[in-house]
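What's counted below: heavy atoms across the whole structure, side chains too, no hydrogens, waters or symmetry copies. Because the structure is predicted, anything quoted here is derived from the model rather than measured.
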Amino acid sequence: MAKLRLGPLLRYADSSSATVWVEASRPCTAEARCADGAGGGTRTFQVAGHHYALIPVTGLTPGTTTPYEVLLDGVRVWPLPDSSFPPSVIRTPEEDAGEGTGEGASEGGGDAFRVAFGSCRWAAPAADEKDPVGADALDTLAARIAADPTAERPDVLVLLGDQVYADEVSDATRDWLAGRRDLSEPPGAEVADYEEYTHLYYESWLDPEVRWLLSTVPSCMIFDDHDVIDDWNTSAAWLADMRETPWWRERLLSGLMSYWVHQHLGNLAPAELAADPLYAAVRESADGTDAVRAFASRADADPASVRWSYRRDFGRIRLLMVDSRAARVLDEDQRAMLDPGEEAWVREQALADPGSYDHLLIGTSLPWLLPHLVHDAEAWDEALCRGERGARWARFGEKLRRGADLEHWAAFSTSFTALADLIAEAGSGPGAPATVLVLSGDVHHAYAAEPTWPEADRPDARVFQLTCSPVHNAIPRYIKVGFRLGWSGLGRALGRSLARHGRVPRPPVTWRKTDGGPWFGNMLMTLTLHGRSARLRLERTQGQKNGARLETVMESKLSG
C-alpha cells in the first residue's frame, strides 16, 4: 500500500482550481477529494527513486472554504489519523476580477487579500527539544490559525529563499549524513546529492505545524543561496573556484533538481504546467531522473536557457517572483543581477496591461534597498573588483566580497539602477498602481524603507522595500550592531567615504528607513491589500515553541 511520505502542500489556488503537491512511497494514483465533490487525480512521477504528484483540483466553487482529503490508490492518507489539527481546506476567492493574461489566470476577488512573507528558515527541532534560536514563526502562525480556523489567515504565503540549508545542517542531519558517507571527505557535513536534499525537505516540511500550514495556505516560493550553498554565484572567480572542486557539480545539479521537484513545479499555474515540456516528459516517462538531470545540466551550462522567475496574479494584485541567484551575469565588466533575457521578461511582466492592477509586488530574495553603509560598501567593493583602483585592490575586493557576503543588488550597480528605473516607470502615468512593493529577506533583520526619486522621475505610486528575515534562524550580536550602524547617520557618512574611494556615483534614488526598526528575531510580515489601500504588519515570535505567540511590533499604512 502506498504511504504519504511528504505533503500535502497546497500550492496554486484560484476561484475554481488548485494544485496539491505530495510525495508517495511508491508509484500510485494520487487524488484530492473535496467535501463538495470537487477534486482531481493523477499518477505519480519518479525522480531519483522518489515518487511525486502535483494533483490538479478542479470544479471548486468560487468564494468558498472547502475541506479536502488526499488518497493514494483510493486509500485516504490525509488528514493523518488522530490529527489534532482542523481539516485542511482550499479557500477560493470570488469570481476572477479580470481575464487571464497568459501568465496564469487572475486569482483574486474584491475582498481584502493578505500576503504573508519571510525567508530563512532552519528546520525546527522536535517538540520536546528546546529551540536554541527561539520559536519558529511558521510554527507559531500555524498554531494560531489552528486554534481558530475562522480567524484571519494569509491568502498566500510567500517564501523568499533559504527554505532548506544545504550548507548548515542540524546535528540530527549531520548524524544521518555520517551514516551514509565519510564526513572527512568534501563536502563534509553538507549535502552532496539528491537523496541528501530530500532529507532536508523531510526535516523541514514534516514538522507537524508547518506540514499542516502548508497543506491549507497556498504558497509561492523562490530559492536563495543556502538552498544550494552560501554565496551561490557571488562572482565569476567564486564560480571558477567551485567548479574546480570534485563535489560541486553533483551538489549543484542535485540542488536544482530537488528545487524543481519540491518548489518550482508548485509555483506554476495549471496552464503553465500544461505547456511545460519538461513536466510532460517526466510524467510520460517511467523514470524522469535523466530528463530532470539534463534540465539541471542545461541550467548550469547556460543559465539564460532556464527561467525560474514567474508571475502570479491575484485579481488586481500582481506578484513577480524574480530569480536573483541563478540568472546572474558574473563577468566583472558586465555584472548584472539578471541576464538580458530575464531582465526583459521582468520588465515585460511589470509593464503589461497598464491599469489592470492596483499593487505590484516584486519578490526577490535579496533586498534592493539596504542599510546605507552596506549599500555603499557593496557598490565600492564592486568597483574594486572591476579594477577601478588597480589589481591589488581588485584582489582585496574579491576576498572581501566573499568574506562579507557583499553580493546584493547594490553589488550589481547596473541592475540596481535598472530596477529603480523600472519601478518608476511601472508606478507612473494613467492607471498607475497605488503601490510598488519590493518583498525581500536574506539579511536576518526586518525593516521598511521608502525611496525617493528626483522630482522629474518621481512615480505616482508609493514605493517601499519591505524586508523580513528570518522566519527561524539566528544572527550574531556583532552583525546586529553592524546593521544598526548601517542605518545611522555615521554609517551613511562612512559609506559615502567608501564610495568616493571607489569612484562610485551616487545611486539614482535616496531612501529612508520608516516606522522604526531594524527589528531582530523570528518574524513574518503581512500585507493586507484591499482596493488601492495597503497595510503592513510585522509580527515577531515570543516564548518557546509550545507556548509561543506572534506579537505585533509594527503596523503601518502604506497607501489608501
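With Thr140 contributing its side chain and Arg549 its backbone, the two residues share no donor-acceptor pair below 3.5 Å. Of the possible donor and acceptor atoms, one in the side chain of Asp227 sits under 3.5 Å from a partner among the backbone N and O of Asp224. Side-chain atoms of Arg33 do not come within 3.5 Å of backbone N or O of Arg76 as any donor-acceptor pair. A donor-acceptor pair is defined here as one N or O able to donate and one able to accept, closer than 3.5 Å; no such pair exists between the side chain of Arg121 and the backbone of Leu138. Ser119 places no side-chain N or O within donor-acceptor distance of the main-chain N or O of Leu159, the cut-off being under 3.5 Å. Side-chain N or O atoms of Arg462 include none that pairs as donor or acceptor with a backbone N or O of Leu437 at under 3.5 Å. When atom types are taken as modelled, the side chain of Thr44 and the backbone of Cys28 share a donor-acceptor pair closer than 3.5 angstrom. With Asp358 contributing its side chain and Arg532 its backbone, the two residues share no donor-acceptor pair below 3.5 Å. With hydrogens and angles ignored, the 3.5 Å screen pairs a side-chain donor or acceptor of His445 with a backbone N or O of Val443. Under the 3.5 Å distance criterion, the side-chain polar atoms of Thr216 are left unmatched by any main-chain donor or acceptor of Ser88.
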Identify all side-chain donor-acceptor contacts of residues 2-9 below 3.5 Å with residues at least two apart in sequence or on another chain.
unit_1: Arg5; atom_1: NH1; unit_2: Tyr202; atom_2: OH; d: 3.4
unit_1: Arg5; atom_1: NH2; unit_2: Tyr202; atom_2: OH; d: 3.4

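Trp212 places a side-chain heavy atom less than 4.5 Å from the side chain of Ile145. Side-chain contact between Asp225 and Arg325: present, with at least one pair of heavy atoms (C-beta onward) separated by less than 4.5 Å. Using a 4.5 Å heavy-atom threshold, the side chains of Arg293 and Met257 count as touching.
At a threshold of 4.0 Å, the pair Glu555-Arg535 does not count as salt-bridged, since none of the basic side-chain nitrogens sits closer than that to a carboxylate oxygen. Asp73 and Arg26 are joined by a salt bridge, as a carboxylate oxygen and a charged side-chain nitrogen come within less than 4.0 angstrom of each other.
The aromatic rings of Trp176 and His199 sit parallel to each other, their planes meeting at less than 30°, with 60° as the upper class boundary.
When all heavy atoms of Ser365 and Asp442 are compared, the pair lying nearest together is O-CB, 3.4 Å. Here the shortest heavy-atom pairing between Glu450 and Val463 reads CG-O, 3.4 Å.
Residue Arg153 forms a side-chain contact (heavy atoms from CB on, under 4.5 Å) with just one option from Asp148, Thr526, Leu213, Val89, and that option is Val89.
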Report the C-alpha separation of Arg251 and Glu190 in whole Å, then their side-chain angles, then the decisive distance to 0.1 Å, and conclude whether the salt bridge (charged side-chain N to carboxylate O under 4.0 Å, His left out) test is met. CA-CA 9 Å; Arg251 165 76 158 271; Glu190 301 181 12; 3.0 Å; yes
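For Trp308 and Phe295, the ring centers are positioned less than 6.0 Å apart. Between His264 and Phe223, a ring centre-to-centre spacing not shorter than 6.0 Å is recorded.
Residues in residues 155-170 take part in these salt bridge (Lys or Arg N to Asp or Glu O under 4.0 Å) pairs, two or more places apart or across chains: Arg91-Asp155.
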